[in-house]
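For reference, positions follow the sequence shown, starting with 1. Because only heavy atoms are used, hydrogens play no part in the values below, and waters and symmetry mates are left out as well, while side chains stay in.
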Amino acid sequence: MTLGSGMAALDTSVVTIALPTIGRDLASSLGGLQWVNNGLTLSLSTLILVGGSLGDRLGRRRVYLVGISWFAVASLLCALAPSTGWLVAARVLQGIGAALLTPGALAIIRSTLREDDQPGAIGVWAGMSGIAVAIGPFLGGWIIEHLTWRWIFLVNLPLSAAVVAAGLAVIPESRDDRAVGRFDLAGAGLTAAMLAALTWLLTESRTMSSALLAVAGAVAAVGMVVFIVVERRVAYPLVPLTLFRSRVFSSANLMTFLVYGALGATLFFLVVQLQVTAGFSVRDSGLTTLPITILLLFLSAPMATLAQRIGPRAPMTVGPMVVALGVLILSRVQATSGWGIALLGTSVFGLGLSVLVSPLTAAVLGAAPERLAGAASALNNAVARTGSLLATAALPAVVGLSGADYLDPVRFTHGYRLAMYVTAGLLGLGGLVSWFGLRGTAPAARARAGEPGPTGP
């Protein structure tokens, strides 16, 4: 589960470090690079709920392994891309495979391990997934310096083969026996239309006519309203809205949206600033993220255990605040910056991320019934990806960047600093949501003993 999920998570970040190189090789604009970065995230965000629902119905192992195989084929297409358009299309196909495999991994862990073993296992899974995201820039930098950017996709082929072979041997099949009836095609279609329209609007807003802006905005707004109406009425909804009756579940997902939006946008801007403005090589800009990887590796499991003892509220409040401090430090990266400011910023960033990742995952799953584990996992993943997608799509335009501005150190630095201040604000807001939304949450040990929590005993 960790290897497969880590591969998909890795690909969301390994591409980030390669964006300037890909842009020069394929003659891409800033908008084109945004689509390369967001293509996978768009289809993943749109279809991850479908992936969770299909796993609950057809078998989680089956859907997980199909997703791994699909992801491998799409990775090969990415490596063969002769143009920006081809690469964006292949990235969208990658996202479909990731949407099939990502929710199944956590649902399989939840449905097959003993209850006492689940917090530690979830901590390892969440931590390793976070490590995969964090190590992406470092690994990508090494690959680009020694090979070409196309190899960042080709490395997925042997990893996929190993996951499929191991999965067929050791993963038990599981499903939700109550998941019967017609599949929610309307919900899936509305989700796709809504997110696609919103992403297009945010990414291309500076070049779109007023009429197109109005149409895209209307599609996104109407799609959201109709989606809620449909999900309330269908017998077997793609998004069980009853999950949001839990204050813990709702607060954790709002915090996820804010924090992961900030994280995605921060890494997108940081690697370009390091390479274009500070003069770091691709390899060196990747090395600056190494402290994040190391901290996640050593702290994720202990933080999961601590959250099990004291509850998720404190780590989910403190974690985003510490990440925000790291972002403010990174905002000072400029043309004359060296390793010191970059490593200090990413170290503080990684410390905060290590504090919040595992407790967040455990809080979301703990607030959902076991039979809806796949839906809860998929929904939280969708919220995280959507936050990252929308923040990365919107922020360049918000801070006044477009076209070839990413190649101009002076113009990009001005936009970069504004973007860092915005993401730090989002992180602080995420911490406040956790503090007020998760009050009264009981540690896992007390909850198992029957003490009432915010969602019942």
ask   = Can you pull the salt bridge (Lys or Arg N to Asp or Glu O under 4.0 Å) pairs that have at least one residue in residues 157-169, sequence neighbours excluded?
value = none

query = Please, which pairs that meet salt bridge (Lys or Arg N to Asp or Glu O under 4.0 Å) have at least one residue in residues 73-86, sequence neighbours excluded?
reply = none

inquiry  = Side chains of Leu263 and Phe349, heavy atoms from C-beta outward: is any pair under 4.5 Å?
reply    = yes

Qualifying side chain to side chain donor-acceptor pair (under 3.5 Å) pairs with a residue from residues 254-274, counting only residues at least two apart or across chains = Thr256-Asn380, Thr266-Thr423, Gln273-Thr277, Gln273-Thr413

request  = Just grab all the salt bridge (Lys or Arg N to Asp or Glu O under 4.0 Å) pairs involving residues 89-109, residues at least two apart or on different chains.
outcome  = Asp11-Arg91

request  = Would you sort out whether Val271 and Leu19 count as a side chain to side chain contact (heavy atoms under 4.5 Å, CB included), showing the intermediate values?
outcome  = CA-CA 9 Å; Val271 295; Leu19 287 176; 5.7 Å; no

ask   = Looking only at heavy atoms, what is the nearest atom pair of Leu299 and Ser354, with distance?
value = CB-CB, 3.7 Å

task = For Ser251 and Ser434, indicate whether the former's side chain and the latter's backbone hold a donor-acceptor pair under 3.5 Å.
result = no

Residues in side chain to side chain contact (heavy atoms under 4.5 Å, CB included) contact with Thr84, at least two apart in sequence or another chain = Leu26, Ser28, Val36, Val88

Contact check, side chains of Leu77 and Leu93, non-hydrogen atoms, under 4.5 Å = yes

request  = Go through the steps for Leu154 and Leu76 under the test side chain to side chain contact (heavy atoms under 4.5 Å, CB included), then give the verdict.
outcome  = CA-CA 6 Å; Leu154 291 175; Leu76 178 61; 4.0 Å; yes

ask   = Where the side chain of Asn253 meets the backbone of Phe249, is there a donor-acceptor pair that is under 3.5 Å apart?
value = yes

task = Over all heavy atoms of both residues, which pair between Gly428 and Met321 is shortest? Give the atoms and the distance, please.
result = O-CE, 3.5 Å

note = Looking only at heavy atoms, the pair that brings Leu426 and Ala262 closest together is CB-CB, 4.0 Å

request  = Verify, without hydrogens or angle tests, whether Thr148 (side chain) and Ile144 (backbone) share a donor-acceptor contact under 3.5 angstrom.
outcome  = no

note = Scanning both residues in full, the closest heavy-atom pair of Ala265 with Leu395 reads CB-CD1, 3.6 Å

ask   = Which residues satisfy the side chain to side chain contact (heavy atoms under 4.5 Å, CB included) test with Val66, sequence neighbours excluded?
value = Leu100

task = With rounding to the nearest 0.5 Å, note down the distance linking CD1 in Ile96 to CG in Leu47.
result = 6.0 Å

message = Under the rule for side chain to side chain contact (heavy atoms under 4.5 Å, CB included), what residues qualify as partners of Val355, not counting sequence neighbours?
response = Met303, Pro315

ask   = Which residue pairs pass the side chain to side chain donor-acceptor pair (under 3.5 Å) test with at least one member in residues 70-79, sequence neighbours excluded?
value = Ser75-Gln94, Ser75-Asn156

ask   = For the atom pair CG (Leu270) and CE (Met420), what is the distance rounded to the nearest 0.5 Å?
value = 6.5 Å

key: Ile171 backbone acceptor or donor facing Arg61 side chain under 3.5 Å   = yes

remark   = Closest non-hydrogen contact found for Ala90 with Cys78 is CB-SG, 3.5 Å

task = Return the set of residues passing side chain to side chain contact (heavy atoms under 4.5 Å, CB included) with Ala314 (not counting sequence neighbours), or none when no residue passes.
result = Ile310

message = Show the nearest heavy-atom pair for residues Leu295 and Leu351, with the distance to one decimal.
response = CD1-N, 3.4 Å

ask   = Hey, is the main chain of Glu173 close enough, under 3.5 Å, to the side chain of Arg60 for a donor-acceptor pair?
value = no

task = Could you tell me whether a side-chain N or O of Arg150 sits under 3.5 Å from a main-chain N or O of Ala81, the two making a donor and an acceptor?
result = yes

message = Can you confirm whether Pro20 sits close enough to Arg24 that some side-chain heavy atom of one is under 4.5 Å from a side-chain heavy atom of the other?
response = yes

message = Could you tell me if the side chain of Val163 sits less than 4.5 Å from the side chain of Met7, heavy atoms only?
response = no

inquiry  = So Leu330 and Thr346, do their side chains get closer than 4.5 Å, heavy atoms only?
reply    = yes

task = Could you go through the side chain to side chain contact (heavy atoms under 4.5 Å, CB included) check for Phe153 and Leu87 one step at a time?
result = CA-CA 11 Å; Phe153 300 107; Leu87 182 56; 4.1 Å; yes

inquiry  = Within this structure, what is the OG1-CH2 distance for the pair Thr21 and Trp149, rounded to the nearest 0.5 Å?
reply    = 10.0 Å

message = As a quick check of understanding, evaluate side chain to side chain contact (heavy atoms under 4.5 Å, CB included) for Met255 and Leu360, giving each step before the final call.
response = CA-CA 9 Å; Met255 179 265 205; Leu360 171 60; 4.1 Å; yes

task = Check whether any side-chain heavy atom of Pro291 lies under 4.5 Å from a side-chain heavy atom of Leu343, and answer yes or no.
result = yes

